[in-house]
Amino acid sequence: MTGVMLIRPHWRTASPAKLAVFIGGAFVAAEFLGASPLLVLVIAALAGFAWPAGSKT
Amino acid sequence: LSPLVLYLHLLKATSTTFAGLASIPVLQADLVQHHHVLTNQQINVSVVVTRSTPGPAGLYVVSVGYFVAGVWGAIAGWAAMITPAFAAVGLLRFLGRRAEHPRATGVIQAVVLASAGLLWVDALPLGRQAVTNPVLLVILVLGAAALATRKVESVWVILGSAALYITAASVNLVSGL
């Protein structure tokens, strides 16, 4: 329920590629690679800086 | 855990995420998996208490603090919840309009989306513990669908789920309440 609520505001503003990369990437990194949540968030922040909001992809 | 150490753990979780319940994965890793001072069921209870009462979603850290260290833990949770908010006021004053820069909003968007992915990792064990019969699985699917497709408040989903379960129990679809 919380996962759905977090994504809902970004459903239309973020591109499908961004949704797939950040949600799927975080899931895979934590579930299958055993990455710590904090590390995943830091990497996501760096990737978000390099991939600004409003870009076409 | 002393209240001060608990406060630092909770602060780490609340200050590295940008949405109320998004701090669950960090807290789960620290307090459930590493320190073993909290259980997944207690996290579930904290979230349900927060989502079915007035106030911000992030208030659940107060319940988490209470489960770990009683009243002092609850105070530590409350302090950890408000510290990032006070820090943000100062940061926004310093950053000003730069906070609306596409790169800044890109960082926030990326962290929130990654938090959602992390939450689903935590939702698997939490769900396995909570969904113990087919009726609960149906309630889970209906609740998620309602939230995803309609602008419905989570409190109505919780109340609707409770009503569905009570109805199912009253017609003996599930064993007692």
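Each chain gets a letter, A, B and so on, in the order its sequence line appears, and its residues count up from 1.
Through chains of ILVMFWY side-chain contacts below 4.5 Å, A:L39 is grouped with A:I43.
Atom OG of residue A:S15 and atom CD of residue B:Q109 lie 8.0 Å apart, to the nearest 0.5 angstrom.
For the pair B:A114 and A:A26, the tightest heavy-atom approach, listed with the atom from each and the gap, is O-CB, 3.3 Å. Of all non-hydrogen atoms in A:A45 and B:V107, the two that sit nearest each other are O-CG2, 3.5 Å.
By the criterion of side-chain heavy atoms lying less than 4.5 angstrom apart, applied directly or through intervening Ile, Leu, Val, Met, Phe, Trp or Tyr residues, B:V71 is not grouped with B:V45; the two fall into different hydrophobic clusters. The cluster map of Ile, Leu, Val, Met, Phe, Trp and Tyr, joined by side-chain heavy atoms under 4.5 Å apart, puts B:Y7 and B:I75 in different clusters.
With a 4.5 Å cut-off on non-hydrogen atoms, A:A35 does not touch chain B at all.
Counting heavy-atom neighbours within 6.0 Å of B:Q33 CD, excluding the residue itself, gives a total above 12. Within a 6.0 Å radius of OH in B:Y66, no more than 12 heavy atoms belonging to other residues, nucleotides or ligands are found.
For the set A:L38, A:L41, A:L46, the count of heavy-atom pairs under 4.5 angstrom toward chain B peaks at A:L41.
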